[in-house]
Undergrad: 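I have a structure here, written as structure tokens, and I will follow up with some questions on it.
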Amino acid sequence: MGNNRSAFRLMAYLYFAYSTMTIIISYMPVYFQHHGLSGIEVGWLLAVGPFASIFAQPFWAYMSDKYKTIKRVLVVTLIGVLAAAVALFQMNSFIGFMIMMFVLFSFMSPITALGDSLAQKTAQQMQGNFGRIRMWGSLGFAITSLLTGYFLAFFGIEYLWIPFLCVAFVALIMALTVSDVKSTAKPVTLLSAVKLGIHPKLLLFLLIILFVSITHRTNDSFLGIYIVELGGSESLIGLAWFIGVTSEALVLATSAYWFRRFHPLTFILVAGLIYSSRWFLMGMIHDPTFTLVLQVLHGVSFGVFYICAFQFVSKLIPDHLQATGHILFITTFFGLSGIIGSLGGGWVIEEMGVTTLYLILAGFALVGSIGILIYKVVSTRMDGKKLVQNQ
């Protein structure tokens with residue numbers, strides 16, 4: 001009974017933590033455009049957050065592993081999110097936005113990443129399914145994106161601060177209720193964390209999936225702008241995210257039925273190919289309503305890719321460094337990819353347009369899929385040789 005209560009509280013936390021993230025991802029680009037910033041300036045601002053997360057996420061993960069608490073780290077970072085957001089929404093200049101986006105993401109980047117790590121540990125402790133816990137984050141992302149879209153369509157994008165501060169405050173309250181999961185007593189040192197970062201098999205995997213994750217993060221940054229450019233409204237942006245992330249939640253909710261049927265790398269390969277097809281079709285459309293149809297593919301591409309990659313990374317890292325390993329993966333998937341996607345995407349939009357951007361993303365995802373296939377073949381052969389040697 002106690003375990004069920006802990007899981008329910010964690011689900012509620014993930015719901016509101018991802019709600020804060022969706023408001024920034026879905027609507028901040030439009031908010032910046034409302035303040036008269038150019039495509040390149042918006043690209044720089046969207047790259048600042050992921051850049052901050054590259055430093056912030058490993059730091060908070062190391063602190064979490066060292067002091068063996070995720071809960072306290074979540075509480076501290078959410079207090080920082082609220083303070084930074086209040087300052088951010090007072091800014092009116094490019095430099096002011098730049099500084100406060102860095103500060104905001106220094107606190108905000110671990111609130112979902114460490115939440116996912118806690119969900120993984122909780123699922124293992126309860127012998128449950130990670131996807132069914134994690135899907136509540138997706139539901140929060142979807143529902144809040146939809147409701148925020150309608151709110152902004154009625155009141156205006158300048159009132160973005162209201163829904164953001166509301167959901168961030170509730171996330172803080174829920175963080176105070178979650179339970180930590182006891183982990184191994186083996187001490188965590190900075191050296192062990194650094195060694196994990198240069199683990200050859202893990203490092204190669206992260207480098208390969210970077211090609212796919214760049215396309216995902218670029219779409220995160222510029223989907224709203226693309227919809228507006230095609231003639232859509234803020235409410236259509238919210239509906240697009242709602243459809244996409246609802247399909248993601250369904251994929252995560254049913255992961256217990258499909259996850260173990262094939263090797264995780266097989267699922268990752270298929271998801272990468274779906275990404276490539278999805279971006280190609282996005283580059284072909286001229287009516288913003290067609291983005292809603294293609295958003296259904298978000299669940300199959302991101303949902304499958306993320307959960308399988310997350311679980312694959314979990315198998316590569318020792319128990320006492322799980323939070324650090326998970327953050328390393330998430331920093332690559334969302335942080336480094338976000339920097340490249342935001343800067344590169346902003347430049348491509350300025351020089352060649354959003355349509356060309358999506359065609360380029362299709363090519364990147366295809367290259368990443370080919371890399372995953374090669375990695376799978378080589379990894380399977382190496383594991384087979386080790387098995388023979390150990391017999």
Side-chain angles (χ1 to χ4, degrees), residues 7 10-11 14 18 116-139 141-142 201-202 204-206 208-213 215-216 243-279 281 294-317 319 322 325-326 329-330 332-333 365-388 390-391:
L10 178 56
M11 291 173 186
L14 289 172
Y18 274 90
D116 285 0
S117 185
L118 185 57
Q120 169 73 8
K121 292 180 179 182
T122 301
Q124 287 180 337
Q125 184 186 60
M126 298 174 57
Q127 296 183 333
N129 181 257
F130 167 66
R132 287 184 178 176
I133 297 176
R134 172 58 178 77
M135 79 168 187
W136 287 93
S138 299
L139 288 174
F141 197 108
K201 194 171 182 180
L202 175 61
L204 181 59
F205 176 72
L206 295 179
I208 291 172
I209 67 168
L210 190 64
F211 283 92
V212 180
S213 59
T215 70
H216 174 85
I243 292 171
V245 187
T246 299
S247 70
E248 173 192 324
L250 290 174
V251 168
L252 295 176
T254 57
S255 61
Y257 301 104
W258 57 260
F259 177 69
R260 300 189 187 281
R261 291 184 179 273
F262 299 100
H263 193 281
L265 290 174
T266 301
F267 282 116
I268 295 170
L269 171 61
V270 172
L273 293 172
I274 294 173
Y275 263 125
S276 182
S277 303
R278 179 183 167 196
W279 305 143
L281 293 172
L294 293 176
Q295 279 296 91
V296 176
L297 293 176
H298 173 85
V300 189
S301 53
F302 173 71
V304 172
F305 195 99
Y306 183 79
I307 194 171
C308 292
F310 197 92
Q311 299 279 26
F312 182 72
V313 168
S314 298
K315 294 179 180 179
L316 293 179
I317 53 183
D319 289 342
Q322 284 286 305
H326 292 154
F329 162 66
I330 292 170
T332 302
F333 196 100
L366 181 60
V367 171
S369 300
I370 295 171
I372 292 164
L373 176 61
I374 296 171
Y375 181 90
K376 182 180 184 298
V377 171
V378 173
S379 179
T380 301
R381 288 180 179 176
M382 290 179 64
D383 291 342
K385 288 181 180 179
K386 288 181 181 178
L387 184 62
V388 171
N390 292 332
Q391 288 178 344

Undergrad: Looking at every heavy atom in both S369 and L269, which two are closest together, and how far apart are they?
TA: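 Minimum heavy-atom contact is O-CD1, 3.1 Å.
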Undergrad: Report, one line per pair, each donor and acceptor closer than 3.5 Å where one atom sits in a side chain of residues 302-312; sequence neighbours left out.
TA:
unit_1, atom_1, unit_2, atom_2, d
Y306, OH, D116, OD2, 2.4
Q311, OE1, Q120, NE2, 3.3

Undergrad: What heavy-atom pair brings F333 and H216 nearest, and what distance separates the two atoms?
TA: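 The answer is CE2-CD2, 3.7 Å.
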Undergrad: Just by modelled atom types, is the V212 backbone N or O under 3.5 Å from a matching donor or acceptor in the T215 side chain?
TA: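 Flag set: sc T215 to bb V212 pair under 3.5 Å.
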Undergrad: Please report the shortest heavy-atom distance between R132 and Y257, naming the atom on each side.
TA: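 Nearest pair, atom of R132 first, then Y257: NH2-OH, 3.1 Å.
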Undergrad: Can any side-chain N or O of S301 pair as donor or acceptor with the backbone N or O of Y275 at less than 3.5 Å?
TA: no
Undergrad: Sequence neighbours left out, what passes side-chain hydrogen bond (donor to acceptor under 3.5 Å, both in side chains) with S255? Give chain and number order.
TA: N129
Undergrad: Taking atom CZ of F211 as the centre, does the number of heavy atoms from other residues, nucleotides or ligands within less than 6.0 Å exceed 12?
TA: no
Undergrad: What are the two closest heavy atoms between K376 and T266, and how far apart are they?
TA: CE-OG1, 2.9 Å
Undergrad: Would you compute the distance between atom CG of L206 and atom OG1 of T332 and round it to the nearest 0.5 angstrom?
TA: 4.5 Å
Undergrad: How far does CG of L273 sit from CD1 of I370, to the nearest 0.5 angstrom?
TA: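 Rounded to the nearest 0.5 Å, the CG-CD1 separation comes to 8.5 Å.
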Undergrad: Give every residue pair that meets the salt bridge (Lys or Arg N to Asp or Glu O under 4.0 Å) criterion with at least one member in residues 244-255, sequence neighbours excluded.
TA: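 Residue pairs with at least one partner in residues 244-255: R134-E248.
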Undergrad: Which pair of heavy atoms, one from A119 and one from L14, lies closest together, and at what distance?
TA: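 So the minimum-distance heavy-atom pair works out to CB-CD1, 4.2 Å.
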Undergrad: Rounded to the nearest 0.5 Å, what separation is found between the OG atom of S138 and the CG atom of L250?
TA: 9.5 Å
Undergrad: Could you pull out all residues at least two apart from F267 that satisfy ring pair (Phe, Tyr, Trp, His ring centres under 6.0 Å)?
TA: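 In terms of ring pair (Phe, Tyr, Trp, His ring centres under 6.0 Å), with neighbours along the sequence ignored, F267 is linked to W258, F262.
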Undergrad: What residue pairs, at least two apart or across chains, pass salt bridge (Lys or Arg N to Asp or Glu O under 4.0 Å) with a residue in residues 295-310?
TA: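 Qualifying pairs, neighbours excluded: none.
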Undergrad: Could you measure the distance from the CD1 atom of I133 to the NZ atom of K121? Nearest 0.5 Å is fine.
TA: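 One finds 13.5 Å between CD1 of I133 and NZ of K121.
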Undergrad: Just to verify, what does W136 make a side-chain hydrogen bond (donor to acceptor under 3.5 Å, both in side chains) with, not counting sequence neighbours?
TA: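 Counting only residues at least two positions away or on another chain, W136 forms no side-chain hydrogen bond (donor to acceptor under 3.5 Å, both in side chains).
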Undergrad: Rounded to the nearest 0.5 Å, what's the gap from OG on S379 to CZ on F205? Could you check?
TA: 10.0 Å
Undergrad: Closest approach of H298 and G244, non-hydrogen atoms and distance?
TA: CD2-O, 3.1 Å
Undergrad: Roughly how far apart are L10 CG and T122 OG1, rounded to 0.5 Å?
TA: 5.0 Å
